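Data block below; observations after.
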Amino acid sequence: MSASLENRGQFGSKLGFILSAAGSAVGLGNIWKFPGKAYNNGGGSFLVIYILMVALIGTTVMLAEFTLGRKTQKNAVGALRELNAKYSWVGGLGILTGFIILCYYCQVGGWTIKYIIAYLTESSTVYADPTGYFLNMLGVNGFPLQGAIIYPLIFLCLTSFIISRGVAEGIEKLSKFLMPLLFILLLGLMIRACTLPGAGEGVAYMFHFDPSTITRDSFLVALGQAFFSLSLGMGVMITYASYLSKDDNLITNTGVVCVLDTCVALFAGFMIIPAVFATGIDPGMGGGFAFATLAGVFKSIPGGTIFGLLFYALLFFAAITSSISILEGTVAFLVEEKGMERKKTVVLVSIVLFVIGIFYTLSQAYLPIKGIWWSVNGIEFPIFGDFMEYLTDRLLLPFGAFFTTVFVGWIWGTDNAIKEATSDGKYKFGLAPLWAFLVKFAAPAGILCIIVAGLLLGMSIS
Ligand code: TRP
């Protein structure tokens, strides 16, 4: 076995890959980001747009990334370089995106640890004032040492530790039984939340389709959310698929991962939004639904504190399987392209992203740090934390996905890609002509229109 292969590790089984790819996809995006976006963008109307985005664009881009990765057996940058050296910068863009995501992902990942401890040691304090507890962690009452430094640091150290040990060992073991467990727990909690007194209004809101609530911005938000949630647009799935063998069916893998990820997002939405209506706990900042609002649900269940504990423990695992996938993308690039040593790279990257990440949490309530953003209203100054998310979700991920489809559709070519997708004809792919059309025309055109409409023609900064 060559040194580089040893460095990269490989997936031991088919199920291992599905679970790891789903492990990357299912994360804070589904449970912490998605419900808030659905709530702010018209509930049912947003669900419809979101599902369309996943079905038409998300699946298309995912299969494109899978074929690139398995064909070349390389990280995102190496994969593009091998097929056409002029385009390796697209992979580089992805590495930058992943780096920015990870800055804030580790912060929110740290919050999940904080909440595990909270439910272990002081659940009655959380129940007494869920919003206050959450905002206190963000720093409304003084420097958020725990929320911005201690717990995010623990989260990051765990991520780095797993990564420095290599992919197969680290990722596969974690995903195998925790992801199914999370799935079941979410289902149970969703049923509980929907049956709380007063939850009916929230359920109705999630089923209510009102075209007048759809704006150009909703499309961009849904698109960015779909890419974020499916781990697309920065080459993570390229890197993951690079560990696969020709025996694996990329087409069914795409379907399974997209469906699982979307189910988890919908479960989370139907758990949290009805709970907002039933409990009236709306923290209004920092994506607090998954933290503050759920306290109202756990409080209502006999023995709910145990469910709360289990929920944050599983959310933590979902988050860490995602964060290792992002860090793996960055590290695989530096190790394979720049010849850096794996462990050193992990430490170096982690330190830089940790320092930047601190300002994500600080900007929520403790320090008035702003970013800068553009809309038709002119220049705006969202808080720094939101700015980081705008940068990745509204700009970098959509652009990354756009270039991926252009690369596969026009540079590498859909014939080559379909050959790879079917393992040289071994697997059936009835929708191949449709996919080719989507990769070449519909997806890139759609993504570009949505970016332009959402960014240049006007968006509301909420
Ligand atoms: N999909 C993950 C989530 O929903 C986050 C994530 C992991 C990600 N890898 C990614 C997002 C790559 C964008 C690109 O939480």
Side-chain angles (χ1 to χ4, degrees), residues 19-38 50 53-54 57-58 61-62 64-66 68-69 75-76 90-91 93-112 155 159 162-163 167 171 174-175 179 182-183 186 222-241 257-258 260-269 287 290 314-333 353 388-404:
L19 285 173
S20 301
S24 162
V26 174
L28 295 168
N30 307 59
I31 295 166
W32 159 74
K33 263 192 195 210
F34 179 82
K37 294 199 170 165
Y50 180 77
M53 293 294 167
V54 171
I57 301 184
V61 177
M62 186 175 289
E65 291 202 9
F66 279 169
L68 281 173
N75 68 77
V90 175
L93 181 77
I95 305 288
L96 172 73
T97 315
F99 182 81
I100 302 177
I101 292 178
L102 211 48
C103 293
Y104 65 81
Y105 212 87
C106 287
Q107 292 287 313
V108 183
W111 302 352
T112 64
F155 186 87
T159 304
I162 296 167
I163 279 296
V167 164
I171 301 174
L174 283 173
S175 304
M179 298 311 288
L182 174 68
F183 202 78
L186 280 178
L223 185 75
Q225 174 64 25
F227 290 146
F228 188 95
S229 191
L230 297 169
S231 301
L232 299 173
M234 57 153 285
V236 159
M237 291 303 183
I238 298 182
T239 308
Y240 264 37
V257 175
C258 289
L260 276 181
D261 185 75
T262 305
C263 284
V264 172
L266 293 177
F267 288 175
L314 291 173
L315 183 57
F316 160 76
F317 276 111
I320 207 147
T321 52
S322 302
S323 67
I324 48 190
S325 79
I326 309 176
L327 191 57
E328 172 64 22
T330 311
V331 168
F333 161 70
L353 74 86
M388 291 172 89
E389 290 185 53
Y390 289 161
L391 209 55
T392 55
D393 299 9
R394 291 168 190 243
L395 202 64
L396 293 171
L397 291 176
F399 265 118
F402 169 77
F403 288 120
T404 307

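Note that the structure is predicted; figures quoted are calculated from it, not measured. In listed order, ligands and their atoms are each counted from 1.
Annotation: side chain to side chain donor-acceptor pair (under 3.5 Å) contacts of Thr112 (sequence neighbours excluded): none. Every residue two or more places apart in sequence or in another chain that forms a side-chain contact (heavy atoms from CB on, under 4.5 Å) with Leu396 is listed here: Leu93, Thr97, Ile100, Leu391. The side-chain contact (heavy atoms from CB on, under 4.5 Å) test applied to Ala268 returns Ile31, Pro35, not counting sequence neighbours.
Between Trp32 and Trp111, the angle of the ring planes goes over 60°, which puts this pair in the perpendicular group of the 30/60° scheme.
Distance check: Leu327 CG to Ile101 CD1 gives 12.5 Å after rounding to the nearest 0.5 Å.
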Short N or O separations between ligand 1 and the protein, below 3.5 Å:
from     : atom 1 : to     : atom 2 : distance (Å)
ligand 1 : 1 (N)  : Ser24  : O      : 3.2
ligand 1 : 1 (N)  : Ala25  : O      : 2.9
ligand 1 : 1 (N)  : Phe228 : O      : 2.7
ligand 1 : 1 (N)  : Ser229 : O      : 3.1
ligand 1 : 1 (N)  : Ser231 : OG     : 3.0
ligand 1 : 4 (O)  : Ala25  : O      : 2.9
ligand 1 : 4 (O)  : Gly29  : N      : 3.3
ligand 1 : 4 (O)  : Asn30  : OD1    : 3.2
ligand 1 : 9 (N)  : Ser231 : OG     : 3.2
ligand 1 : 9 (N)  : Ser325 : OG     : 3.2
ligand 1 : 15 (O) : Leu28  : N      : 3.0
ligand 1 : 15 (O) : Gly29  : N      : 2.8
ligand 1 : 15 (O) : Tyr105 : OH     : 2.5

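Side chains of Leu223 and Phe227 form a contact here, defined as non-hydrogen atoms less than 4.5 Å apart.
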